[in-house]
Amino acid sequence: MAVHGNTLSEVIESDVDSALVEEVRTGLVKMPKRLSSRFFYDAEGSRIFQEIMHSPDYYLTRSEYEILETYKSELLHLFAAEQRPFDLVELGAGDGLKTKVLLGFFREKGAEFAYAPVDISADALEGLVSDVRQQWPDLQLKPQHDDYFNSLQQLSAESDARRIVLFLGSNIGNFAPDEAIDFYRQLNDKLQPGDIVLTGFDLQKNPALIHAAYNDRDDLTKAFNLNLLRRINRELDADFDLDAFDHYETYNPETGEARSYLVSQKTQTVRIQAIDMTVPFANGEIIHTEISRKFTRAQIEQLAEQTGFMVNGWFTDFKGYFADVVFVK
Ligand code: AVI
């Protein structure tokens, strides 16, 4: 098949994200249609996510910031307990806003550590690295532009420092339950006894607060979702009409799942030229894009137990919205 004179494999090998091709090809023929939020984070998506984190409705970032600010000293005590240097590995680092609270404090206290941010967005990572370099020029940095699992593989080979893995922001909430178990098992596999994982979990709470966080007053979550269609238009030469799709959010307090959908506003057909695909939409048909799970304490403790970790610290914000939990291997 030819795309502007190129075969599909040439297109895939060039600047097209082959994982995105696979997602679009398989996700848009599912019933219901599906595109993973994993693909939200191109440069524009990362920028919109920064805005979401400052939104008055998106309490998650503020809650976690408060936790890290309040308990930075207790955390350092836990991380440095073995009297040896540690690698602070941050999975899905983004702009590192919250982590900088820890970096600054750890530096001030003379802790011996390196910072290893990992992100699938090159733009986000570049921004973070130059920012951190400017603020702390002699902090040892080991940035990795990769997905979580590959980066873990790398890590285990690299140094014998104690590994402190940060997985903040309730990124874990974007995994399905079996994926989360699988993820912590793989993580456990790559770590040594005594290594730590600090995870940010968004806790179950008044459903109205959770729903508002994903249905914000400024329509940032809507823009975040629609940007995925813009990305497909640009990268796969598609013709999604962004005005013909809306965003719809649900939160089910029984399952603890917030779910995001894009909704076709009319009967329409979308052409995705680069993969020679034509996708029909009925009026009102959905594309499911994201799950953001909210947890109970019992679920978190069970997750640790199922994946070979011990819960060794539990820190929440004043309102009890969010928890940063220390798992030790
Ligand atoms: C990155 N992740 C934890 C965010 C969340 O809350 O699920 C992504 C997000 N989606 C909509 N708003 C923010």
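Just so it is clear, the model here is predicted, and its values are computed rather than measured. Every number for a ligand or one of its atoms is a count from 1 in the order of the listing. All values below were derived from every heavy atom in this structure, side-chain atoms included, with hydrogens, water molecules and symmetry-related copies excluded.
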Checklist entry - After noting the C-alpha distance and the side-chain angles of F113 and F79, does the key distance pass the ring pair (Phe, Tyr, Trp, His ring centres under 6.0 Å) rule? => result CA-CA 10 Å; F113 72 103; F79 297 169; 9.5 Å; no
Checklist outcome for this item: for atom 8 (C) of ligand 1, nearest protein heavy atom and its distance come out as E290 OE2, 3.4 Å
Next on the checklist: For the residue pair N215 / Y251, report whether a side-chain donor-acceptor contact shorter than 3.5 Å exists.
Outcome noted: no
Checklist entry - Going by the order shown, which atoms of ligand 1 are within less than 4.0 Å of some heavy atom of S170? => result 3 (C)
Checklist entry - Measuring from the heavy atoms of F40, does anything fall under 4.0 Å of ligand 1? => result no
Item to check | Proximity of Y41 to ligand 1 by residue part, where a heavy atom lies under 4.0 Å | outcome: side chain
Next on the checklist: Distance under 4.0 Å to a non-hydrogen atom of Y214: what atoms of ligand 1 satisfy this?
Outcome noted: 5 (C), 6 (O), 7 (O), 10 (N), 11 (C), 12 (N)
Next on the checklist: Looking at E112, I'd like to know if its CD atom is crowded, meaning that more than 12 non-hydrogen atoms belonging to other residues, nucleotides or ligands lie closer than 6.0 Å.
Outcome noted: no
Item to check | Region of N174 that comes within reach of ligand 1 [heavy atoms, distance under 4.0 Å] | outcome: side chain
Checklist entry - Does the side chain of D216 pick up a donor-acceptor pair with the side chain of T221 at under 3.5 Å? => result yes
Checklist entry - Less than 6.0 Å separating the ring centroids of F281 and F245? => result yes
Checklist entry - Is the backbone N or O of G96 less than 3.5 Å from a side-chain atom of K98, with the two atoms forming a donor-acceptor pair by type? => result no
Checklist entry - Can we call the ring centroids of Y184 and F327 under 6.0 Å apart? => result yes
Checklist entry - What do you reckon, does G173 put a non-hydrogen atom under 4.0 Å from ligand 1? => result no
Item to check | ligand 1-proximal atoms of T221, by part, heavy-atom distance under 4.0 Å | outcome: side chain
Checklist entry - Which residue holds the protein heavy atom closest to atom 4 (C) of ligand 1, what is that atom called, and what is the gap in Å? => result Y58 OH, 3.3 Å
Next on the checklist: What protein heavy atom lies closest to atom 7 (O) of ligand 1? Include the residue and the distance to one decimal.
Outcome noted: S292 OG, 2.6 Å
Checklist entry - Does any non-hydrogen side-chain atom of R297 lie less than 4.5 Å from one of E301? => result yes
Item to check | Which of the ligand 1 atoms, numbered from 1, are nearer than 4.0 Å to a heavy atom of G169 | outcome: 3 (C)
